[in-house]
**Student:** 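Could you have a look at this structure, given as structure tokens, before my questions?
The basis for the numbers below is simple: all heavy atoms, side chains too, and nothing from hydrogens, waters or symmetry mates. By convention in this document, chain letters (A, B, ...) are assigned in the order of the sequence lines, proteins followed by strands, and residues within each chain are numbered from 1.
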There are 2 protein chains.
Amino acid sequence: MAERDADTQRRSNEPPAARPTIADVARLAGVSKGLVSFALNDRPGVSADSRERILSAAAELGWSPSVRARSLSSNRAFAIGLVIAREPGIVAADPFFPTFMAGVETELSGSGQTLVLATVTPGRQEADTYRSLALDKRVDGVILTDLRTGDERIALIDELGLAAVTLGRPDTDSPFPAVSIDDEAGVTATVDHLAQLGHRSIAHVAGPSSMLHAARRRRAFERAAGAHGIAPRVVETDFSATEGAAATRHLLGDPDDRPTAIVYSNDPMALAGLAVAQRAGLIVPRDLSITGFDNTDLAEHVYPSLTSVATDVAAWGAIAARVLLATIASEPVDNTDLPPARLVARESTSHSPHHP
Amino acid sequence: MAERDADTQRRSNEPPAARPTIADVARLAGVSKGLVSFALNDRPGVSADSRERILSAAAELGWSPSVRARSLSSNRAFAIGLVIAREPGIVAADPFFPTFMAGVETELSGSGQTLVLATVTPGRQEADTYRSLALDKRVDGVILTDLRTGDERIALIDELGLAAVTLGRPDTDSPFPAVSIDDEAGVTATVDHLAQLGHRSIAHVAGPSSMLHAARRRRAFERAAGAHGIAPRVVETDFSATEGAAATRHLLGDPDDRPTAIVYSNDPMALAGLAVAQRAGLIVPRDLSITGFDNTDLAEHVYPSLTSVATDVAAWGAIAARVLLATIASEPVDNTDLPPARLVARESTSHSPHHP
DNA sequence: CTGAAAGCGCTTACAG
DNA sequence: CTGAAAGCGCTTACAG
């Protein structure tokens, strides 16, 4: 690890060779610039002969289109945006976004499109970010994640003239296609699984009710519990490990009225809850069953390994990007439903201690 | 959650009002377009009087520059890039990137610059991504993370004519400024801490030696162990929880020659190692001390809570972005060193079982 | 089917 | 200090 001299830093790099333009191609092919543009964009009205000459001229020169020039004349950005509005600590603990973005990228790479990412603190900075992305036309459309109840972003983005796709269906009227994963099925399967193991006292540690997917999971929990004749107990949190731990302490506080199973709305909270239980001297799953959501990489590597609900987040990202690109290209699109979330049973769930 | 009709999807959103251009401003101020450009870019050679008229005309019209037009004429992208080349599972488990990007964003927001993100599978797709970002001038510069030994990206990016900043100093000659955090200090502090607790048999679960920061931590471990007269034992992994668990099983395999402490090169591996130890019937820290690296959010929420090494990743992102923007603006920049990593001692480390 | 031209909204020499 | 003009590299009516 050698220290380099400061002046080494300033060594200027070589200017890249001048790129051929459409004018060079036109000259070589002996046609006008306009015709080159038509040929290269696969538009009708170019004779097979000319097209041939143009394409081979372009190939010979190693021509590739200038995105910025196309941007200016066609008023498109050839990019899509993702604005993440979560508290830093919460987004860091949650593997959702890296996985999701990797999925988006699989669709983008090769399409010549690019992903513009903005991380903002929730609140008005978020709206300003969408505004400036639209004002500068830095993106042609956005993927809306973490949908909220009565989400004001829907109207804002429509008003800004951006295309969009939502992850899940909003609870308000929306002009945008939705790409959804039925995570309620995962919650229901979890409660069924626990009920089958004899649990009659099951609690749910929910995410914030202002977030649609958190509310949806909670309702699914309440419905499934009700179907088994179980009185649902719910504690709401902000999805952080800290509040997940606090909720667990609260639930385990009264030894005479302690749930035998806790269904957490995400994995980080479940792991924090597991630690709280162990610290309180409980043995999981003998004394308490625990389940998570999202099937984090770590879920199978903790002790006991964590029963969780798996969704294909990367596929979600890829499909969302594909639908958004189609929308931008004015192709007809419909709401899309991905395969539902499914339960992955592991060691953290077993028979209720009160089970015969 | 109402299903919407398919035809509702196609409701077109309002066309945004036509934006004022520099020509409108010139007309209102009664000057030429060129002068407007000079005034708005704070360039010398505009009379105070004209500047005044131009600025108020721009304000009155609500003018803001068209990024795409500026891009085309000035050949800049007003964007910086981040290319993440890690296996999906590993990047998802590691909170580094979300935190880092949030830090980058704090510097970017308000600067009118944008972050372009690409996630690629390691290998040639990575080089192609840098090439196309440069060819299309989608970015003016890039932040190089996860530096490797003899990193070919340095030469590639220099050749492509992009600006760059590296996270940490490369082991090859580099024309780019480096923004570094001394993580060796954190490893050294960890080993000192363990030695002070009486540990004489300490192992290290390292990341891949092809990654500079993994190699650096490993060397720091070996040096610190040597300083205490301890024979260093090292197992190399790919940084994944899976291989962290396997390395731990290997280290704990021989009961007669089992380390009393294990220093992991990241937190996910430490958490997986903790589980392996517990599964083997060991009590942490009574029978085995364990430390991580990066001080993940979860570290304080597991049981026992994890001793780890903390670095200010968000600040790293902010400074890296700032240095890169300065480089792009041709301002003089030097290598920057952030405050060193520091040990956060928690419950997972205590006296060696062999300690008197 | 094809050409000549205007236009996207800026920046930047070049004259004065 | 200021204006008129060319240019960045495309797309897209408008004529023929």
**Student:** How close do A/L162 and A/G141 get, counting heavy atoms only, and between which atoms?
**Tutor:** CD2-N, 4.4 Å
**Student:** Please determine whether a side-chain nitrogen or oxygen atom of A/S47 lies at a distance below 4.0 Å from atom OP1 or OP2 of C/dC1.
**Tutor:**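 So the side chain of A/S47 is outside the cut-off, no N or O lying under 4.0 Å from OP1 or OP2 of C/dC1.
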**Student:** May I ask you to list the residues of residues 48-71 of chain B, by number, that have any heavy atom positioned under 4.0 Å from an atom of DNA chain D?
**Tutor:** B/S50
**Student:** Which of these, B/I157, B/D146, B/L133, sits in a side chain to side chain contact (heavy atoms under 4.5 Å, CB included) with B/V83?
**Tutor:** B/L133
**Student:** Only Watson-Crick and G-U wobble pairs with both distances less than 3.5 Å should count. Give DNA chain C in dot-bracket notation, marking inter-strand partners with |.
**Tutor:** |||.||||||||.|||
**Student:** Could you tell me the separation between the CD1 atom of A/I22 and the P atom of C/dA5, rounded to a whole number of Å?
**Tutor:**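 Rounded to whole Å, this separation is 17 Å.
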**Student:** Rounding to a whole Å, what distance do you find between B/R19:CZ and C/dC8:C1'?
**Tutor:**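 One finds 12 Å between C1' of C/dC8 and CZ of B/R19, rounded.
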**Student:** Taking CG from B/L72 and P from D/dT11, how many angstroms apart are they, rounded to a whole number?
**Tutor:**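 In whole Å, D/dT11 P and B/L72 CG are 12 Å from each other.
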**Student:** Mind calculating the distance between CG (A/L135) and C1' (C/dG9) to the nearest angstrom?
**Tutor:** 14 Å
**Student:** Measure the spacing between CD1 of A/I84 and CG of A/L117 and express it to the nearest 0.5 Å.
**Tutor:** 4.5 Å
**Student:** What integer distance in Å separates B/R27:CZ from D/dA4:P?
**Tutor:**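 Rounded to whole Å, this separation is 14 Å.
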**Student:** Can a side chain N or O of A/T21 be found less than 4.0 Å away from OP1 or OP2 on D/dC8?
**Tutor:** no
**Student:** Between A/D151 (side chain only) and A/R153 (backbone N and O only), is there a donor and an acceptor less than 3.5 Å apart?
**Tutor:** yes
**Student:** Assess whether side-chain hydrogen bond (donor to acceptor under 3.5 Å, both in side chains) is satisfied between B/S64 and B/R19, documenting all intermediate values.
**Tutor:** CA-CA 8 Å; B/S64 67; B/R19 287 181 56 174; 2.9 Å; yes
**Student:** So which heavy atom on A/A39 is nearest to which on A/I54, and how close?
**Tutor:** CB-CD1, 3.7 Å
**Student:** Which atom pair, heavy atoms only, marks the closest approach of B/I80 to B/V104?
**Tutor:**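 Minimum heavy-atom contact is CD1-CG1, 4.2 Å.
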**Student:** What class does the angle between the rings of B/F97 and B/F100 fall in, given that below 30° is parallel, 30 to 60° is tilted and above 60° is perpendicular?
**Tutor:** perpendicular
**Student:** Quick one: do B/D158 and B/F176 satisfy side chain to side chain contact (heavy atoms under 4.5 Å, CB included)? Show the steps, please.
**Tutor:** CA-CA 9 Å; B/D158 192 25; B/F176 306 122; 4.0 Å; yes
**Student:** Find the distance A/F78:CZ to D/dG9:C1' and express it as a whole number of Å.
**Tutor:** 12 Å
**Student:** Which pairs, protein N/O on one side and nucleotides 12-16 of chain C N/O on the other, fall under 3.5 Å?
**Tutor:**
residue : atom : partner : partner atom : Å
C/dT12  : OP2  : B/R43   : NH1          : 2.7

**Student:** Given 3.5 Å as the limit, does a donor-acceptor pair link the side chain of B/D128 with the main chain of B/Q125, or not?
**Tutor:** no
**Student:** So for atom CD, which belongs to A/E52, do other residues, nucleotides or ligands contribute more than 12 heavy atoms lying within a distance under 6.0 Å?
**Tutor:** no
